[in-house]
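Here is the structure we will look at.
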2 protein chains.
Amino acid sequence: MNQIELDSFDWRLLKALQTNARLSNVALSEQVNLSPSQCSRRLQRLEQHNLIEAYFTQLNASELGYQVTAFVNIALDKRQQNSDKDFKQTIEAIPEILECYSISGEANYWLKVISSDLPSLSIFLNESLGNLPYIQDLTSTIVLNRVKYSPYIPLPN
Amino acid sequence: MNQIELDSFDWRLLKALQTNARLSNVALSEQVNLSPSQCSRRLQRLEQHNLIEAYFTQLNASELGYQVTAFVNIALDKRQQNSDKDFKQTIEAIPEILECYSISGEANYWLKVISSDLPSLSIFLNESLGNLPYIQDLTSTIVLNRVKYSPYIPLPN
DNA sequence: CCTGAAACATAATGCAC
DNA sequence: GTGCATTATGTTTCAGG
């Protein structure tokens with residue numbers, strides 16, 4: 001898409017920012033061995049070239065009352081026209097659905113949802129999702145434990 | 001766990017930071033209607049109470065050469081001792097595995113992995129993962145399209 | 001618990017190289 | 001394309017309500 005030449009300084013900047021999005025240019029300059037002003041400029045360049053999609057804060061979900069994570073597989077009824085479009089709009093509007101992907105295989109969509117507890121999850125699955133008219137099949141899996149969460153793209157040196 | 005009273009200002013701070021982790025205290029103060037100095041203090045308090053787990057930068061994976069995302073379900077061979085521990089160490093060490101959860105149901109673990117392209121994914125699944133001795137079963141699903149990605153915890157007002 | 005001002009730190013940019 | 005110097009912004013402490 002956008003062709004941009006990245007050098008070792010850029011990789012180091014991206015790496016440092018992946019692990020802490022709030023690093024100042026001074027802090028970055030120490031990690032990448034470049035002057036703060038250059039860090040600032042290069043960062044602007046990386047943002048302009050769309051290599052950085054977002055800076056976001058990961059909150060402690062369980063401290064904030066969301067104790068349960070579940071994965072949901074959904075198959076839509078393809079006979080219904082516009083079901084995909086309606087489905088996507090519905091997905092967007094439900095904040096408990098954090099992620100949604102269309103996938104290969106029998107199910108059409110995979111969702112990551114959070115809920116306060118199991119009873120709430122049950123209600124959510126049955127009412128918010130289960131009642132949608134164009135859903136043919138819905139299966140859910142409860143997350144028992146988070147083993148790894150490091151959404152950091154591997155980068156060269 | 002940690003009991004901390006959060007008021008409307010705290011919720012607004014967290015909300016603002018979720019969507020942009022790099023907001024300055026001045027910018028935050030405008031969004032939440034509080035002085036910059038108070039934003040700074042409250043933010044420190046929220047961090048100290050562990051409500052904020054990380055500030056991270058989401059990079060454009062496909063621009064950086066990772067065009068393929070896949071989900072992998074893995075069942076471990078329970079007869080092998082210590083297989084869980086070995087497995088977790090292996091998972092941690094492989095950067096292409098971004099997330100891993102232990103889950104209910106037939107499979108033991110669910111993984112999100114990224115790869116440059118389908119041939120690389122195939123090699124990765126067969127060699128890096130498939131060859132582990134304690135794996136009993138491994139199935140993968142290719143992500144066709146990202147419909148929603150907004151890992152923002154729903155918060156009160 | 002808050003604001004506002006002062007002292008300090010950092011960011012952005014023009015310029016020389 | 002980089003570092004340095006300057007000016008503009010931002011951060012944080014502290015006095016005072």
Side-chain angles (χ1 to χ4, degrees), chain A residues 1-60 63-65 151-157, chain B residues 1-60 62-65 152-157:
Chain A
M1 302 248 283
N2 261 311
Q3 38 203 10
I4 169 178
E5 278 292 325
L6 300 178
D7 66 11
S8 165
F9 289 121
D10 295 310
W11 299 126
R12 278 187 268 167
L13 274 172
L14 291 173
K15 268 188 199 175
L17 280 170
Q18 276 201 116
T19 48
N20 184 358
R22 275 178 82 81
L23 288 174
S24 69
N25 288 328
V26 173
L28 286 171
S29 76
E30 285 161 7
Q31 292 204 24
V32 308
N33 282 311
L34 203 64
S35 66
S37 53
Q38 286 312 316
C39 289
S40 168
R41 276 203 261 249
R42 278 170 177 267
L43 188 45
Q44 286 176 19
R45 177 168 159 268
L46 293 169
E47 287 173 353
Q48 277 159 19
H49 283 81
N50 209 27
L51 288 164
I52 292 172
E53 292 189 348
Y55 299 105
F56 86 74
T57 300
Q58 190 201 337
L59 303 183
N60 189 326
E63 287 284 343
L64 290 164
Y152 307 125
I153 310 294
L155 299 173
N157 288 314
Chain B
M1 302 246 282
N2 260 311
Q3 37 203 12
I4 170 178
E5 277 292 325
L6 300 178
D7 66 11
S8 164
F9 289 120
D10 295 310
W11 299 127
R12 279 186 268 168
L13 275 172
L14 292 173
K15 268 189 200 174
L17 281 170
Q18 276 201 117
T19 47
N20 184 357
R22 275 178 83 80
L23 286 174
S24 68
N25 288 328
V26 173
L28 286 171
S29 77
E30 286 161 7
Q31 292 203 24
V32 308
N33 283 310
L34 204 64
S35 65
S37 49
Q38 285 311 313
C39 289
S40 168
R41 288 222 193 127
R42 279 170 179 267
L43 188 44
Q44 284 177 20
R45 177 167 158 268
L46 294 170
E47 286 174 354
Q48 276 159 20
H49 282 81
N50 210 28
L51 288 163
I52 292 172
E53 293 189 348
Y55 299 105
F56 87 75
T57 300
Q58 190 201 338
L59 302 183
N60 189 326
S62 71
E63 286 284 342
L64 291 163
Y152 306 125
I153 310 294
L155 300 172
N157 288 313

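Every chain is numbered from 1, with letters handed out A, B, ... down the list of sequences.
- From the 5' end on, the contacts that DNA chain D makes with chain A at under 4.0 Å to a non-hydrogen atom open and close at dT2(D) to dC4(D).
- Leu13(B) places its CG atom 10 Å from the P atom of dC2(C), with the value rounded to the nearest Å.
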Contact state string [nucleotides 6-17 of chain C, B base, S sugar-phosphate only, - no protein heavy atom under 4.0 Å]: ----SSSBB---
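- Among residues at least two apart or in separate chains, salt bridge (charged side-chain N to carboxylate O under 4.0 Å, His left out) pairs with a member in residues 44-53 of chain A are Asp10(A)-Arg45(A), Glu53(A)-Arg146(B).
- Nearest heavy atoms, Thr57(B) versus Tyr55(A): OG1-CD2, 3.3 Å.
- Take Thr19(B) and apply the side-chain hydrogen bond (donor to acceptor under 3.5 Å, both in side chains) test, not counting sequence neighbours, and it matches no residue.
- Contact annotation for Arg45(A): no contact, since no heavy-atom pair falls under 4.0 Å across all strands.
- Proximity of Leu64(A) to Leu6(B): side-chain heavy atoms (C-beta onward) are separated by under 4.5 Å at one or more points.
- Within the structure, side-chain hydrogen bond (donor to acceptor under 3.5 Å, both in side chains) contacts touching residues 23-39 of chain B (residues at least two apart or in different chains) are Ser35(B)-Ser37(B).
- Residues passing the side-chain hydrogen bond (donor to acceptor under 3.5 Å, both in side chains) test with Arg22(A), sequence neighbours excluded: none.
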CA sep, side-chain torsions, deciding dist, call: Leu59(A), Ile52(B), side chain to side chain contact (heavy atoms under 4.5 Å, CB included): CA-CA 5 Å; Leu59(A) 303 183; Ile52(B) 292 172; 3.9 Å; yes
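- Under the ring pair (Phe, Tyr, Trp, His ring centres under 6.0 Å) criterion, Tyr152(A) pairs with Phe56(B), sequence neighbours left out.
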